Number of protein chains: 2
Amino acid sequence: MQLSVPKLKSCDDCPIRYNAVCSKCEPAEMRELEEIKYYRSFSAGQPVFFAGDPLEFVGSIVSGVSSLTRTMPDGRVQMVGLLLPGDFMGRPHRETIDCDVVAETDIMLCCFRRKPFERLINDTPHVGQRLLEMTLDELDAAREWMLVLGRKTAREKIASLLYMIATRMAKLSEKTGDEATFTLPITRETMANYLGLTIETVSRQMSALKRDGLIAFSDRRDITVPQIDALKAETGEDA
Amino acid sequence: MQLSVPKLKSCDDCPIRYNAVCSKCEPAEMRELEEIKYYRSFSAGQPVFFAGDPLEFVGSIVSGVSSLTRTMPDGRVQMVGLLLPGDFMGRPHRETIDCDVVAETDIMLCCFRRKPFERLINDTPHVGQRLLEMTLDELDAAREWMLVLGRKTAREKIASLLYMIATRMAKLSEKTGDEATFTLPITRETMANYLGLTIETVSRQMSALKRDGLIAFSDRRDITVPQIDALKAETGEDA
DNA sequence: CGTACGCTTGAGGAAATTCAATTTGCGTGG
DNA sequence: CCACGCAAATTGAATTTCCTCAAGCGTACG
């Protein structure tokens with residue numbers, strides 16, 4: 001169920017003003033965007049799109065975390081994207097969406113109806129340019145993730161996911177130093193779906209990392225990483 | 001070692017004129033592109049870029065097959081992209097490349113020095129638009145591949161790869177009907193690196209698919225698929 | 001207080017890997 | 001033209017890793 005539409009905000013105050021698809025826009029372009037934008041909220045667990053749905057709108061994640069997943073006919077699920085604040089949802093010039101999109105936490109979206117947005121890409125060069133940049137970054141991330149899925153052990157997979165979340169979250173909160181603390185925005189099941197593992201294997205490896213002192217948690221969601229570099233070493237990507 | 005530069009061709013005769021990054025260009029835009037393009041050939045097995053190299057040029061695959069791979073410090077390798085004719089190599093606004101790029105077969109590239117090409121993206125809208133489209137398609141393909149890597153069995157992985165090559169190759173040669181024949185552009189090792197498997201597992205599953213009558217081959221490279229739908233059913237993606 | 005859900009833990013089993021030994025195909029040189 | 005040698009591919013046996021199935025724990029919530 002969709003929450004009530006929050007009161008409209010000015011783009012000037014937007015937390016993702018300098019991250020999102022609009023980050024390179026000039027004032028005139030901002031005015032065009034501002035005219036067609038609208039906000040929508042979804043609470044944790046809600047679907048935003050089902051695979052195969054007509055793609056009515058595209059937009060940016062203002063706050064919260066959302067996931068993209070693909071499901072096989074027999075029910076096997078693979079997460080193929082994790083959208084954090086600033087990330088773009090949907091793709092221009094595509095009539096339908098081919099992934100399930102779910103709000104993993106409460107999220108707020110800055111939406112544009114797809115058709116007007118497509119026109120805007122052609123009219124306002126900085127939107128298209130920024131979208132290309134962001135898409136290329138996402139492609140890099142997807143390729144990085146292919147290495148994780150194809151070649152890493154269960155332990156390395158878990159370490160890689162925790163390391164990525166720790167660094168991406170830390171970046172947003174301007175944290176520095178060896179130690180990192182964050183709240184996992186996803187369940188064990190979601191982690192398993194991201195990593196191509198079962199829930200049980202995720203749980204076992206989390207326990208193993210905890211036993212080895214690489215992470216600490218009592219609550220299941222609040223994770224402390226005493227030494228971020230030690231965790232990085234477990235990802236298999238350091239020399 | 002780089003082969004001799006082939007004689008310059010007109011874009012009008014180019015086999016990828018209506019596939020590649022230039023496909024939406026108007027005559028005036030084509031003239032701009034034509035001015036800065038140059039051709040390069042690499043023979044099978046040659047590196048085109050090493051990960052970390054400065055990205056001097058970008059361009060399109062005119063003919064042949066090239067691969068993108070990522071390598072872990074301990075030597076594990078994962079292929080993260082397979083570039084077929086028409087596909088774009090390199091990315092604008094990136095100083096270095098983060099994957100190894102190798103010519104899997106003899107290839108010909110239509111190259112542009114990166115800097116002038118970046119200017120061109122800004123000046124000629126249809127290049128940037130087409131590049132966005134192509135990048136979005138590649139992202140879709142990468143996500144599709146994440147499902148293969150994360151959730152499919154060895155047999156399903158092999159079937160998925162063969163099915164993809166069969167359909168992409170068949171599309172280029174305008175083949176129809178149940179049966180498909182093609183030459184594998186890659187070795188067993190390359191297949192293994194694409195699928196996140198070992199060479200031995202690839203070999204065993206190829207033998208199993210052959211034993212079950214889903215594919216036929218005597219030569220190791222020339223594959224016949226008697227019924228393409230039967231192969232598709234083995235990919236796990238049909239209902 | 002009891003049920004539900006998410007998570008953890010254990011035991012046994014299946015799938016893919018590792019290690020090792022052949023076999024096949026192909027280019028080179030006798 | 002055939003023999004040789006190398007690289008790629010196949011096949012087998014043993015092992016490892018992760019999954020499946022099953023039971024139990026802890027917190028949240030009716």
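Within every chain, numbering begins at 1; the chains are lettered A, B, ... in the order of the sequence lines, protein sequences first and strands thereafter. Values below: every heavy atom of this structure, side chains too, minus hydrogens, waters and symmetry copies. Keep in mind that this is a model prediction, so the values were computed, not measured.
We find that CG of A:D219 is positioned 11 Å from P of C:dC7, with the value rounded to whole Å. When rounded to the nearest whole Å, the span between CE of B:M206 and C1' of C:dT24 equals 15 Å. Atom CZ of B:R221 and atom P of D:dT10 are 11 Å apart (whole Å). If you measure from atom CZ of B:R155 to atom P of C:dA16, you get 11 Å, rounded to the nearest angstrom. Note: CG (A:L184) to P (C:dT8) measures 10 Å, nearest angstrom. What separates CD1 of A:I199 from P of D:dC19 is a distance of 11 Å, to the nearest Å. As rounded to whole Å, 12 Å separates atom C1' of D:dA9 from atom CD1 of B:I223. To the nearest angstrom, P of C:dC7 lies 13 Å from CG of A:D222.
Comparing A:L197 and B:R220, the nucleotide of DNA chain D nearest to each residue sits closer to the 5' end for B:R220. Taking for each of B:I186 and A:Q205 the nucleotide of DNA chain D with the nearest heavy atom, the 5'-most of the two is the partner of B:I186.
Classification of A:E138 and A:R91 as a salt-bridged pair fails, no side-chain N sitting under 4.0 Å from a carboxylate O. Salt-bridge formation is detected for the pair A:R94/B:D140: a Lys NZ or Arg NE/NH1/NH2 atom is positioned less than 4.0 Å from an Asp or Glu carboxylate oxygen.
Judged by distance alone with a 3.5 Å cut-off, a donor-acceptor contact links the side chain of B:R204 to the base of D:dG12. Evaluation of atom-type donor-acceptor distances gives no pair under 3.5 Å for the side chain of A:E189 against the base of C:dC7. The base of D:dC21 sits within donor-acceptor range of the side chain of A:E200, with an N or O pair under 3.5 Å.
Of the side-chain N and O atoms in B:R188, one or more sit less than 4.0 angstrom from OP1 or OP2 of D:dT10. At the phosphate of C:dT9, OP1 or OP2 sits under 4.0 Å from a side-chain N or O atom of A:S207. Between B:S203 and D:dT10, a side-chain N or O to OP1/OP2 separation shorter than 4.0 Å is present. Within the structure, every side-chain polar atom (N or O) of A:T198 is placed at least 4.0 Å from both OP1 and OP2 of D:dC18.
Not one N or O on the side chain of B:T190 forms a donor-acceptor pair closer than 3.5 Å with the backbone of B:I186.
A donor-acceptor pair shorter than 3.5 Å can be found between the side chains of B:E104 and B:S67. Side-chain contact, A:D222 with A:T183: a donor N or O sits under 3.5 Å from an acceptor N or O.
An angle of 30°, rounded to 10°, separates the two end axes of the helix from C:dC1-D:dG30 to C:dG30-D:dC1, each defined over five pairs.
A tilted orientation is assigned to the rings of A:F57 and A:F49, their planes being inclined by 30° to 60°.
With B:F217 as the aromatic partner, B:R188 meets the cation-pi criteria of under 6.0 angstrom to the ring centre and within 45 degrees of the ring axis.
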